[in-house]
Asker: 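Before I ask anything, here is the structure I am working with.
These numbers come from a predicted model, not from an experiment. Counting convention: from 1, in listed order, for ligands and their atoms alike.
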Amino acid sequence: MVKRSIAAVLTVIALVCSAFLPSFAAEGDRIAFNNPDFIRGMDVSSVLSLERSGVYFYDENGNENDLFKILARHGVNYIRVRIWNDPYDNNGNGYGGGNSDVESACEIGRRAAECGMKLLVDFHYSDFWADPKKQQPPKEWMNYSLSEKCAALHDFTLTSLQTIKSAGAEIGMVQIGNETTTGIAGEYDFSAMSKLFNSGSSAVREFDSDVLVALHFTNPERDGHVRYLADSLNKNGVDYDVFATSYYPFWHGSLSNLTSVLKYVADTYGKYTLVAETSYPYTLDDTDGFQNTVNTGDNSTGENLLWSFTPQGQASEVKAVMSAVNDVGEKGLGVFYWEGAWITVGDTTGLSGKACSERRNANSVLWEAYGSGWASSYSAEYDPDDAGRYYGGSAVDNQAFFDSNGKVLPSLNVFASVTGRLLGDVNNDGLVDVTDATETQRIAAAIASPDALTNRVADINGDGAVNVVDATEIQKYIAGYSPEYPINKSL
Ligand code: CA
């Protein structure tokens with residue numbers, strides 16, 4: 001079936017091939033991972049609200065495709081999703097930020113699983129953003145005692161996980177709280193926080209003993225801070241597996257310090273360590289009429305901003321953070337990029353004056369209706385002093401891996417290139433030979449069902465499908481024909 005003449009193959013190739021864009025990341029980008037299951041993850045919690053706002057995503061060739069398929073094909077192997085208990089007002093209007101609830105986590109988890117990606121479920125235990133400055137309990141828990149909160153947190157965790165699993169998600173890890181540096185669910189005493197942590201972890205253990213329990217903090221740059229947290233968790237008998245931190249280079253110190261403080265936790269307490277959030281701008285320009293967190297003169301300078309604000313700089317930052325976590329050793333579990341697809345719902349690039357304000361107003365209608373901005377006006381009842389005053393669009397559209405038209409940036413390739421996989425080395429033995437052509441035929445015939453990254457390795461012409469054309473390209477390469485595609489080169 002596959003033994004065509006070269007001439008016939010070339011004809012077929014000419015007919016079916018679309019332009020292949022060479023890999024962005026250079027050779028030598030491989031990281032020698034100490035943990036073979038190193039997580040190269042991404043948070044895409046806003047995606048459903050973006051799709052409802054009319055956003056589409058496109059691959060390198062300009063073909064519209066499912067976001068999850070694009071991410072998996074570029075080497076992303078884990079998806080993170082946040083959950084708010086009830087991010088709606090009494091009339092059902094969403095607070096924004098993706099209106100991220102259990103229902104949306106079900107769809108995101110199912111779609112991730114369909115592309116071979118596991119799910120990290122990130123419970124905020126709040127009805128809207130929880131971070132170092134805000135740890136407000138859900139509306140329903142406002143008047144609960146600590147013991148009532150513990151029971152509610154346990155039950156919400158367990159029932160939510162069961163619901164998400166039933167929807168088809170493959171849950172691999174669960175975060176008990178988000179950026180709980182100063183508190184969780186309205187409790188700010190470490191002893192009380194520890195009781196809530198343990199209520200959550202007991203629910204996860206009850207759900208599935210193989211699922212990892214993660215706790216998530218911030219500010220690794222503060223002197224003694226991570227040590228204090230890890231020591232306090234130990235003293236308070238908190239049951240967990242993964243010590244996670246955010247690492248934003250504009251706020252969170254050097255990478256060598258990051259490695260050092262995480263290594264303390266790994267070496268002292270035997271915990272896994274994780275960067276649960278990082279990101280970096282590929283530009284300082286805004287594309288939706290709502291000011292970004294990092295813009296010219298605002299979070300855009302500092303000794304730890306080592307990379308240019310370009311796609312190459314963005315890719316280099318991701319690789320550097322992965323290397324820093326990997327340097328912890330076997331307990332360096334991985335890195336999640338935060339909201340790498342939160343792009344504009346309407347491009348304001350190049351617009352000024354009336355045209356710009358009209359586009360921004362049109363965007364605002366979508367942010368309000370679908371929750372595709374960081375906050376809607378409806379959040380004022382719950383968070384009047386911040387979200388209720390400053391609500392609007394995406395503050396991170398310049399940190400996405402997609403341009404303002406939804407087309408993937410070359411920087412997304414870093415998630416695959418760090419694995420060191422070579423185009424055409426389908427069985428991953430370091431050589432491109434006849435066994436790879438055979439394996440590609442098996443994939444084409446659906447005899448083998450590889451993971452997304454291996455599919456990418458076998459998709460020689462990069463058209464999104466593995467078929468006989470790809471197997472033939474490998475055979476041509478082995479036979480000594482000068483390859484049209486970068487076979488035997490790093491992805
Ligand atoms: Ca913006």
Asker: Run the salt-bridge test on Asp241 and Lys271 with the 4.0 Å N-O cut-off and return the result as yes or no.
Answerer: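 A salt bridge is absent here (no side-chain N lies under 4.0 Å from a carboxylate O).
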Asker: Scan Tyr378, Tyr391, Trp84 and name whichever one has a ring pair (Phe, Tyr, Trp, His ring centres under 6.0 Å) with Phe128.
Answerer: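 Between Phe128 and the candidates, ring pair (Phe, Tyr, Trp, His ring centres under 6.0 Å) is satisfied uniquely by Trp84.
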Asker: Should the pair Lys69-Glu114 be classified as a salt bridge under the 4.0 Å nitrogen-to-oxygen rule?
Answerer: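 No, Lys69 and Glu114 are not salt-bridged.
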Asker: For Phe415, which of Phe401, Phe38, Phe336, Tyr78 qualifies under ring pair (Phe, Tyr, Trp, His ring centres under 6.0 Å)?
Answerer: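 Going through the options one by one, the only one that passes is Phe401.
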Asker: Have a look around the Ca ion (ligand 1) and list protein N/O/S atoms under 3.0 Å, or say none.
Answerer: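 Hits for the Ca ion (ligand 1) below 3.0 Å: Asp286 OD1, Asp288 OD1, Phe290 O, Asn292 OD1, Ser394 O, Asp397 OD1.
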Asker: Sequence neighbours excluded, which residues qualify as salt bridge (charged side-chain N to carboxylate O under 4.0 Å, His left out) partners of Arg73?
Answerer: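 Here the qualifying residues are Asp459.
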Asker: Salt bridge check: are Arg82 and Asp122 linked by an N-O gap of less than 4.0 Å?
Answerer: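 No, no charged N to carboxylate O under 4.0 Å.
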